[in-house]
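Below, read A as the first sequence line, B as the second, and so on, with proteins coming before strands; counting in each chain starts at 1. None of these values were measured; they are calculated from a predicted model. Values reported hereafter were calculated over all heavy atoms of this structure, with side chains retained and with hydrogens, waters and symmetry mates removed.
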There are 2 protein chains.
Amino acid sequence: MSRWKPDARGRLEKAALELYSEKGFEATTVAEIAARAEVTERTFYRHFADKREVLFQRNALADVLAHATATAAAPLAPLEVITHALTEAAPVFEERAELVRQRQAVIAAHPELQERELAKLACLGSTLADALRERGLDATTAALAAGIGMAAFKVAFERWIDDPDQHPLAQHLRHTLDATRHLTTADDASRTDVPVLPRALDTPPSPGG
Amino acid sequence: MSRWKPDARGRLEKAALELYSEKGFEATTVAEIAARAEVTERTFYRHFADKREVLFQRNALADVLAHATATAAAPLAPLEVITHALTEAAPVFEERAELVRQRQAVIAAHPELQERELAKLACLGSTLADALRERGLDATTAALAAGIGMAAFKVAFERWIDDPDQHPLAQHLRHTLDATRHLTTADDASRTDVPVLPRALDTPPSPGG
DNA sequence: GCCGTGATGTCAGTTCGTGACATCACCATA
DNA sequence: TATGGTGATGTCACGAACTGACATCACGGC
């Protein structure tokens, strides 16, 4: 038989998420995580650069975003490309909604983890910007569009996490990206009388896709 | 005479920036910083929460942003308010351009510091979003506008730092925010025919305000 | 049956960051 | 002038985060 139980990495991820949930991030030591995963502390650091990284490693997202951006229809405006890419990426979250929510709860409770999350998001933004430049956008426009996309994603994701009605992430994305287009119009449209996410969600304004 | 040399905090900031510049962030120990500032390591931690924070404490920015947002003319579109606020904030950087550049060089060389920088920027974004909500915007629009504003600021700031011609930050901000307006404006006249930063910077396109 | 490889264990050490307590110039006030 | 409180700093001890170096030994190829 094999010398060690298989999937040490998976066990570490699971143990870490559990312990961070149970007793908080700071109150959890790497030694504890390792013990629960039945490996040594040193092994933890062979799989993850530090105590935070264990929550941020599974990330198919960058690939999905880059691919969707590269393969979007040619004549689309930058923000349309972004909309397409983010919509393509939504299932990555929807498929693991349970896990994602638990993870996010932990992150929300610890500034250090939020810091790391922002770094990951910024990294994603760079990937997106690269992909946009591949499409022929100049560097500044690409960086800007990617930044806007990430800002919109952040808001939509947050709304999705907190949504008591569990509407799909794609829907929150659509509404948020739509709201982006009204930021330049004077006051009246962006007042509270036109909520971004109307009560009746079953008839979203079709963005023409 | 006094028991200790005055301005321990200032000496620590100076020593830290010097050492981080000279030998890198990771290669510098807090003990070294403290020694150069002629205090003990413990005193360092009385002034700064951790080794990174010493680079991020001076921040009049939040106040300026919040104030400028609150006092902007009433009927402005969200993005115009942001434009106003960021423009008001520009002098905070221009006035210490030398220091800001040195600091930024250190940050650019160390992911851990970039992480902290992103966190500070996000915090600033929240402040801005709060101020926008004070103006009557709904939470989602406010968060979105603030996020986009921060994204634009990030790009403009980066361009300013790298600008060999040393154009004022305010100018980069104007151009970047202009590009943002084009990207987010509903009609699809947002093509490449409007370059973000034209060769001749002395005749910026007037945004009609 | 031998050998290289890779994942893990073991151990020692450095640095970060914190709690507890000591010191003593300075200041207010009697 | 004497007294006592305050606040910034020093001193010490310590746990926990990370890292480098070397040991182990199942497995897979040859």
Note to self: Show, in sequence, the C-alpha distance, side-chain angles and deciding distance for B:D138 and B:T141, and conclude whether the side chain to side chain donor-acceptor pair (under 3.5 Å) test is met.
What the structure shows: CA-CA 6 Å; B:D138 67 281; B:T141 305; 2.6 Å; yes
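A salt bridge links B:E80 with B:R181: the closest approach of a Lys/Arg side-chain nitrogen to an acidic carboxylate oxygen falls below 4.0 angstrom.
A:R103 forms a cation-pi arrangement with A:F56, by the criterion of a distance under 6.0 Å to the ring centre and an angle within 45° of the ring axis.
The separation between B:R52 atom CZ and D:dA17 atom C1' is 12 Å, rounded to whole Å. The nearest whole Å value for the distance from the OH atom in B:Y45 to the C1' atom in D:dA16 is 13 Å. At whole-Å resolution of the value, CZ in B:F44 and P in C:dC16 are 9 Å apart. Spacing between atom CZ of A:R116 and atom P of D:dA17 amounts to 14 Å, rounded to whole angstrom units.
For the pair A:H47 and C:dT8, the criterion of a side-chain N or O lying under 4.0 Å from OP1 or OP2 is met. Phosphate proximity of D:dT11 to B:T40: absent, as no side-chain N or O sits under 4.0 Å from OP1 or OP2.
Taking only distance into account, the side chain of B:R3 never meets the base of D:dG10 through a donor-acceptor pair shorter than 3.5 Å. In this model, a side-chain donor or acceptor of A:R46 finds a partner on the base of C:dG9 within 3.5 Å.
Applying side chain to side chain donor-acceptor pair (under 3.5 Å) to B:Q57 and the options B:R9, B:E13, B:H47 leaves one that passes, B:R9.
Residues B:L124 and B:L61 meet the side-chain proximity criterion, which asks for heavy atoms closer than 4.5 Å.
For A:K51, the listed nucleotide lying nearest its side chain is D:dA17; candidates were C:dG19, D:dA17, C:dG9.
Atom CD of A:E134 has 12 or fewer neighbouring heavy atoms from other residues, nucleotides or ligands inside a 6.0 Å radius.
Nearest-nucleotide positions on DNA chain C for B:D50 and A:W4 put A:W4 closer to the 5' end.
Of the residues in residues 5-30 of chain B, B:A8 come within less than 4.0 Å of DNA chain D through at least one heavy atom, sorted by number.
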